[in-house]
There are 2 protein chains.
Amino acid sequence: MKRQITIKDIAIKLGLSTSTVSRALKDHPDISPKTRTAVKELAALLGYRPNMIALNLRSNSTRTIGLIIPEIEHYFFSAIINGIEEVAYKNDYSVMVFQSNESYKREVNNTHAVLTNRVDGVLVSFSKETLDFSHFMKLVENEIPVVFFDRVVDGLLADQVVADDYQGAFLAVNHLIEKGCKRIAHFSAPQHLLIGKNRLAGYHDALLKHNIHVDLNLVFPTDTFDESKKLALSILKQPNRPDGFFAVNDMSAIAIIKAAHELNLRVPEDVKVVGFENSKSASLCEPELTTIDQFGFELGREACLMLLRRLKENSQPPLKPERKVIKTRLVARKST
Amino acid sequence: MKRQITIKDIAIKLGLSTSTVSRALKDHPDISPKTRTAVKELAALLGYRPNMIALNLRSNSTRTIGLIIPEIEHYFFSAIINGIEEVAYKNDYSVMVFQSNESYKREVNNTHAVLTNRVDGVLVSFSKETLDFSHFMKLVENEIPVVFFDRVVDGLLADQVVADDYQGAFLAVNHLIEKGCKRIAHFSAPQHLLIGKNRLAGYHDALLKHNIHVDLNLVFPTDTFDESKKLALSILKQPNRPDGFFAVNDMSAIAIIKAAHELNLRVPEDVKVVGFENSKSASLCEPELTTIDQFGFELGREACLMLLRRLKENSQPPLKPERKVIKTRLVARKST
DNA sequence: AGAACAATTTCAACCGTTTGCATAACGAAA
DNA sequence: TTTCGTTATGCAAACGGTTGAAATTGTTCT
């Protein structure tokens with residue numbers, strides 16, 4: 001690699017000391033206008049760019065935030081990254097992305113990577129496999145601010161940004177009931193995640209509100225396309241099949257629609273389906289999917305803003321953890 | 001932020017010099033076994049982690065690669081990021097992501113950001129707006145290896161990784177013809193991008209091969225959902241409407257299907273449609289979309305591998321630019 | 001002329017780590 | 001005892017930039 005132009009190069013060519021050059025470049029009042037302009041002109045001519053690494057070493061900060069995320073390919077997460085990057089960009093921060101691929105082991109490695117890379121703060125949505133959170137607590141012990149988003153558990157001593165899962169689930173199930181459903185199944189997320197618990201609670205309470213008996217046999221833990229489709233096929237073959245489905249994400253919801261079509265059931269006439277996410281696919285499938293908009297972009301923005309706030313704060317001891325809840329919205333389409 | 005444990009802390013506690021500690025930690029033969037173990041034990045006890053920034057400053061490398069990409073939310077690009085991150089992870093590199101949001105101005109800013117962050121190399125897919133490439137050439141002048149992927153233009157003196165757009169387009173149109181289409185329209189990408197030119201060429205040659213007259217009035221420059229839908233609606237209303245469509249991406253293809261449905265045309269009976277990308281949505285829409293698999297993940301992998309190869313190489317002068325072409329594959333589904 | 005002061009500029013230390021070279025300690029050979 | 005070789009450790013410079021304090025220069029006043 002070509003040697004970079006340094007402040008020293010400029011200093012030598014101009015017969016000045018590095019300190020003078022440094023000050024001239026940042027408009028320090030002590031420097032005479034003559035030297036200031038001379039330095040700046042030469043710097044521009046040579047294409048001088050300050051060496052961030054050197055600055056980082058001195059300031060012990062990198063203006064970089066680490067992002068640990070399960071899967072970039074998932075629409076919801078890419079929307080979040082989008083929001084994060086937006087805020088980071090506007091505040092002159094860079095984002096380092098680490099995928100856990102839903103693997104606990106890899107996620108632990110990722111936490112090491114962010115430590116090695118000396119990021120200023122970390123945004124985390126942990127993997128489905130993760131049950132132990134000590135690797136994240138190690139970050140907190142190192143006083144690196146951490147903000148968790150979307151996936152969250154109880155008892156985590158750190159900032160959190162989540163969608164209002166309870167409200168979203170309630171909206172979804174309420175909507176199904178208003179459309180006439182009597183027997184509503186729920187495809188749920190793992191129950192150790194708050195997102196799983198809260199959506200189930202919303203489902204539960206919406207049924208209760210309408211005096212519908214809550215049958216836990218209608219709750220199935222599944223959140224992938226393939227699994228959901230298989231399950232839906234078997235459920236829809238039963239004589240007392242549900243007439244409504246509330247799925248934990250759009251993929252599962254679309255899988256249900258596909259399964260219904262295979263069994264020659266009409267959506268929404270025979271079976272109504274609501275998803276959760278409002279992904280691109282939701283408006284592309286047939287019939288278009290009614291779903292809960294999780295506002296991934298906003299969630300990412302908020303998470304990043306909260307992290308930046310932490311990075312600026314210098315109160316000792318630090319403010320106690322905060323939880324931000326993003327309201328969701330029902331997007332009614334053709335599947336209900 | 002809590003002060004990090006440094007080599008100096010260890011040195012003082014053990015009454016040694018920093019050099020001895022440094023050497024002990026990396027098993028330098030000069031160090032006596034006794035001190036070596038003492039140092040290592042204390043380091044482990046204190047949770048010492050080498051300060052990457054300091055190492056970076058010394059080695060003038062960051063083991064970080066910059067990624068400049070139009071839109072993370074687009075499935076194809078997130079698949080590519082996935083592939084890139086995979087290779088980077090395995091080789092102990094980190095990835096910094098910068099979105100251009102299809103904006104030239106922001107893209108120029110992004111190139112500054114990667115320079116400031118002193119990444120070791122850069123992966124680029126430029127924005128649709130970009131017609132001038134001097135900002136990238138500035139990177140090349142700074143001898144920062146750059147690999148372009150997917151979007152590429154002629155005369156770029158840098159490595160490139162692209163899908164075989166010509167072959168993919170040929171496969172797609174050939175398939176439509178074999179399924180009986182006589183009048184095939186093409187929704188194309190901007191013609192200043194090779195991806196636009198090559199797909200058009202593939203379309204062209206497949207028609208020629210079957211002795212079908214090439215009518216340039218059937219080629220429309222559009223690659224977004226909304227625009228494509230509007231266009232498809234007006235085209236399909238015409239008396240001599242096409243009986244086949246080859247779209248430059250899945251979004252546009254699905255828009256055509258939607259438009260056909262709105263006009264009570266059946267897919268594939270009345271109109272056949274082929275996309276390009278093989279996104280998630282392609283297998284979720286109704287009918288499932290026949291498309292060309294672009295192997296985004298592999299494309300990302302290859303691009304990253306090529307960059308890493310450049311980073312390792314030290315031949316002077318450097319090897320001349322290479323172009324890698326990834327074969328595509330037809331995925332026949334229900335829309336044809 | 002000498003003092004006092006302001007305006008510029010330089011010196012040197014520092015951030016954390018590595019590394020070529022010098023040096024200390026010690027036993028063995030002369 | 002001196003000298004030579006080992007072996008183990010320390011010194012100091014370097015990476016590129018910042019910054020408090022010291023030094024230089026020039027100007028003005030007495």
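Naming: A, B, ... by sequence-line order, numbering from 1 per chain.
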Whole Å only: how far is the CD atom of A:Gln4 from the C1' atom of D:dG16? 11 Å
By side-chain hydrogen bond (donor to acceptor under 3.5 Å, both in side chains) - contacts of B:Ser103 (at least two apart): none
Below 3.5 Å between N/O atoms, which protein atoms pair up with nucleotides 8-10 of chain C? Just atom names and distances, please.
residue : atom : partner : partner atom : Å
C:dT9   : OP2  : A:Ser32 : N            : 3.3
C:dT9   : OP2  : A:Ser32 : OG           : 3.4
C:dT9   : OP2  : A:Thr35 : OG1          : 2.9
C:dT10  : OP2  : A:Ser17 : N            : 3.0
C:dT10  : OP2  : A:Ser17 : OG           : 3.2
C:dT10  : OP2  : A:Thr20 : OG1          : 2.7
C:dT10  : O4   : A:Arg23 : NH1          : 2.7

Checking A:Lys90 now: which residues fulfil salt bridge (charged side-chain N to carboxylate O under 4.0 Å, His left out) with it, not counting sequence neighbours? A:Glu86
Per the ring pair (Phe, Tyr, Trp, His ring centres under 6.0 Å) rule, which among A:Phe149, A:Tyr104, A:Phe133 passes with A:Phe126? A:Phe133
Identify the pairs formed between an N or O of the protein and an N or O of nucleotides 13-15 of chain D at a distance under 3.5 Å, and give each distance.
none

Applying side-chain hydrogen bond (donor to acceptor under 3.5 Å, both in side chains), name anything that partners A:Ser127, two or more places apart in sequence or on another chain. A:Thr130
List in chain and number order the residues that pass side chain to side chain contact (heavy atoms under 4.5 Å, CB included) with A:Asp92, two or more places apart in sequence or in another chain; answer none if no residue qualifies. A:Arg63
Give every residue pair that meets the ring-ring contact (aromatic ring centres under 6.0 Å, His included) criterion with at least one member in residues 50-86 of chain A, sequence neighbours excluded. A:His74-A:Phe77
Can you name the atoms? Protein N/O to nucleotides 24-27 of chain D N/O, anything below 3.5 Å, with the distance.
none

Restricting to side-chain hydrogen bond (donor to acceptor under 3.5 Å, both in side chains), what partner residues turn up for A:Ser78, sequence neighbours left out? none
Would you name the heavy atoms of A:Val97 and B:Glu85 that are closest together and state the gap between them? O-OE2, 3.6 Å
Once you round it to whole Å, what is the distance between C1' of C:dC15 and CE of A:Met52? 15 Å
Send over the distance from B:Ile53 CD1 to C:dC14 C1', rounded to a whole Å. 15 Å
Interatomic distance where CD1 belongs to A:Ile7 and P belongs to D:dT19 [whole Å]: 11 Å
Run the ring-ring contact (aromatic ring centres under 6.0 Å, His included) test against B:Phe136 and tell me which residues pass, sequence neighbours left out. B:Phe148
According to side-chain hydrogen bond (donor to acceptor under 3.5 Å, both in side chains), who are the partners of A:Tyr93, at least two apart in sequence or on a separate chain? none
Rounded to the Å, how far apart are B:Leu14 CG and D:dG10 P? 10 Å
Please report the distance, rounded to the nearest Å, between CG in B:Asp9 and C1' in C:dT17. 13 Å
Applying salt bridge (charged side-chain N to carboxylate O under 4.0 Å, His left out), name anything that partners A:Asp159, two or more places apart in sequence or on another chain. A:Arg310
